Q: 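Handing you a structure now.
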Protein chains: 2
Amino acid sequence: MTDINHLMDPAPARAAGPAATPAPDQTFVELIELFFFAYRDFVGDPDEILTPFGFGRAHHRVLHFVNRNPGMRVTELLDILRITKQSLGRVLRELVDEGFVDSRAGASDRRQRLLYPTAKGEALARDFVAIQSRRIAGALSECGPGAEEAARRFLVAMIDREDRAAVERLVQRAQAARAPSA
Amino acid sequence: MTDINHLMDPAPARAAGPAATPAPDQTFVELIELFFFAYRDFVGDPDEILTPFGFGRAHHRVLHFVNRNPGMRVTELLDILRITKQSLGRVLRELVDEGFVDSRAGASDRRQRLLYPTAKGEALARDFVAIQSRRIAGALSECGPGAEEAARRFLVAMIDREDRAAVERLVQRAQAARAPSA
DNA sequence: GAAAAAAGTCAACATGACTGACATAAATCA
DNA sequence: TGATTTATGTCAGTCATGTTGACTTTTTTC
C-alpha cells in the first residue's frame, strides 16, 4: 500500500534548473525529508494497537511517559508533552476512567496527583515499546555496529540545547526505581 | 521556558537498577524517546516562520514538496503526504490563493494540475530548509565525521521497507540536478 | 460513445491542540 | 490566623488538520 512509486516513472529530470537553487550554505534536504518519512512510519506503528481501544496518539504519549515515570506529577507530564492542562485533561481522564492510569493524591503534598500505570496500563505501554523497538532493532541491525550509539548521539544533538540535559536524564532513568517512594 | 528540570530532582541513578525490568527482548526505550524529542524540536523550527503568514505545519509540508518537485501532480503529492484530497484541498487552495503555489493544467494531459512554486513560494520554502538545515548542521558537526552518513542510513532503515526505494529516489531527485550521482 | 481517470467540492464529523475564565483544595507566607 | 500562592480540575468556545461519503466536471482512453 501507499505506493509513491509512480512518482518515479517519468522522473521529469529537473536538471535544467536555475543555478541559484543549490544554496551552498546549508541544505540538508535529504536528511530533512528522511527524518519526516522515518518519523511518520515510527509513530504509525502504535496506531494498530491504539485503534481497538478507541485511543489516539495522545493517549499513547501520555501512557508511555506515565509508565516510564511512575508517580510523576501532572505538571511534570505537562512539561514533557508541552501541551495545556486542558488538552491533557481529557486524554488523562479517559485513561484513568478506563483503568490504564491511576491518579493518587501525594503523601507529602496532598494537592498533587501522582500518576501511576495500572497493571493493564503497564501491559499496554509494553506493547507500544515492543512494536517501536522492533522497528528500531531492525534498523540498527541493518546499519551494523556502532549504529545505536551514532543514532543516540545524533538524536540528542538534534534536541534544543537547553533541554538536552533534562531530556537525557529523563530518558535514562528508565530501568531504575519503580518504588512508589514519592 | 519549558523546563522539565524539576523532573530530575531525585534523579534515581539508573546504575543501581534491578536486573528484572530491562526485558531482554527489545527495549530501545531511550531511542524511542529521543526520537520523539528530537522530532518535536525539528518540526517546531518552521513554526516561527509560518505564524506571520497564518500558515500551519500542513502548509509547510505541502510547499516543501511542491518546491522540491516542481510540476508534480496532485495525486503524487497525496501519495507523499498520505492524506485525503479533501485535506490537501483546503491547504493547497490557500497556498494558491496567496500566491505561493501555481497550479497549471498539464500540457500532455489536460486533466492534470501540475503544481509549481512561485518565486514567493520558493523563497519561503528556502527559509524552511534553511532553518531546519541549521539544526541538522549543528547536530552533525557535534557528532563528528561520519555522522551524516550514519544518520542517513539509520533514517532510511527506519522507513517501511516497501517504501524505501521510492522515498530514496524522491529524496535524491533534487540533488541529481546538482551533482552526478556518486 | 462509454468508461475510466484526475481533480475539485460540499457536508458532516473526529482528534487534539488552543485561549480564557473560574473552582477547589492544600500549602505557605506574613 | 488570614491572605496568598500552588496544583489541579473543569466549562466553554475555537482552530487546525485529519477523516468518510457523495457528487461534478473535464478529459483521456478503450
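Given the structure is predicted, the values throughout are model-derived calculations rather than measurements. Chain letters run A, B, ... following the sequence lines, proteins first, then strands; residues in each count from 1.
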Q: Between D:dT17 and B:His59, is there an OP1 or OP2 to side-chain N/O distance shorter than 4.0 Å?
A: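 Yes, B:His59 has a side-chain N/O under 4.0 Å of OP1/OP2 on D:dT17.
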Q: Is the phosphate of C:dT9, meaning OP1 or OP2, less than 4.0 Å from a side-chain N or O of B:Arg93?
A: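 Answer is yes, contact under 4.0 Å.
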Q: Determine whether a donor-acceptor pair (N or O, by modelled atom type, separation under 3.5 Å) exists between the side chain of B:Asp41 and the backbone of A:Asp160.
A: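 Yes; judged by distance alone, with no hydrogens or angles, the pair exists.
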Q: Does B:Arg113 contact C:dA7 through a side-chain donor or acceptor facing the base, at a distance under 3.5 Å?
A: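 Donor-acceptor pair under 3.5 Å: no.
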Q: Expressed as a whole number of angstroms, how long is the span from A:Leu88:CG to C:dA17:P?
A: 9 Å
Q: May I ask you to verify if any side-chain N or O of A:Ser87 is less than 4.0 angstrom from the OP1 or OP2 atom of C:dG16?
A: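 False: A:Ser87 side-chain N/O out of range (4.0 Å or more) of C:dG16 OP1/OP2.
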Q: Tell me which nucleotide among D:dA12, C:dA17, C:dA7 gets nearest to the side chain of A:Gln86.
A: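 Between D:dA12, C:dA17, C:dA7, the one nearest the side chain of A:Gln86 would be D:dA12.
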Q: Over how many whole Å does the gap from A:Gln112 atom CD to C:dT24 atom C1' extend?
A: 16 Å
Q: Sort out for me which residue in A:His60, A:Arg57, A:His59 forms a side-chain contact (heavy atoms from CB on, under 4.5 Å) with A:Val91.
A: A:His59
Q: How many whole angstroms separate atom CG of B:Leu115 from atom C1' of C:dG8?
A: 13 Å
Q: What is the nucleic acid contact for A:Gly56, judged by heavy atoms within less than 4.0 Å: base, sugar-phosphate only, or nothing?
A: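 Sugar-phosphate, no base atom in range.
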Q: Taking the ring centre of each residue, are A:Phe42 and B:Tyr39 less than 6.0 Å apart?
A: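 Ring-ring flag for A:Phe42/B:Tyr39: false, centres at least 6.0 Å apart.
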Q: Between atom CZ in A:Arg110 and atom P in C:dA26, what is the gap in whole Å?
A: 6 Å
Q: Among the candidates C:dG16, C:dG8, C:dA26, find the nucleotide nearest to the side-chain atoms of A:Asp109.
A: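 Closest nucleotide among those given: C:dA26.
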Q: Out of C:dA7, D:dG9, D:dT28, which has the shortest distance to the side chain of A:Ser103?
A: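 Of C:dA7, D:dG9, D:dT28, D:dG9 is nearest to the side chain of A:Ser103.
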Q: Looking at D:dG18, I'd like to know if its phosphate oxygens (OP1 or OP2) sit under 4.0 Å from a side-chain N or O belonging to B:Arg61.
A: yes
Q: Should we say atom CZ of A:Arg164 is surrounded by more than 12 heavy atoms from elsewhere, each under 6.0 Å from it?
A: yes
Q: Below the 4.0 Å mark, does D:dT26 have OP1 or OP2 next to a side-chain nitrogen or oxygen of B:Arg111?
A: no
Q: Nearest to the side chain of B:Arg90 - C:dT9, D:dG18, C:dG8?
A: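 When the side chain of B:Arg90 is considered, D:dG18 is the closest of C:dT9, D:dG18, C:dG8.
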Q: Is there a donor-acceptor pair under 3.5 Å between the side chain of A:Arg135 and the backbone N or O of B:Met158?
A: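 Yes: the side chain of A:Arg135 pairs with the backbone of B:Met158.
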Q: Given atom CZ of A:Arg82 and atom C1' of C:dG16, what is their separation to the nearest angstrom?
A: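 After rounding, the reported distance stands at 18 Å.
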Q: Reading DNA chain C from 5' onward, which residue's closest nucleotide shows up sooner: A:Gly54 or B:Val74?
A: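 Closer to the 5' end of DNA chain C: B:Val74.
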Q: By nearest atom, which of the nucleotides C:dA17, D:dT10, C:dT19 is closest to the A:Thr84 side chain?
A: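 The answer is C:dT19, which lies nearest to the side chain.
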Q: Figure out the CG/C1' separation between A:Asp47 and C:dA14, and round it to whole Å.
A: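 Between C1' of C:dA14 and CG of A:Asp47: 14 Å.
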Q: Give the rounded distance in Å between these two atoms: CG of A:Leu78 and P of D:dT6.
A: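 Between P of D:dT6 and CG of A:Leu78: 16 Å.
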Q: Given the ring of A:Tyr116, does A:Arg104 sit roughly above its face, with NZ or CZ under 6.0 Å from the centre of the six-membered ring and within 45° of the axis?
A: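 Verdict for A:Tyr116: a cation-pi partner in A:Arg104.
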Q: Between B:Lys85 (NZ) and D:dT20 (P), how many Å, whole number?
A: 13 Å
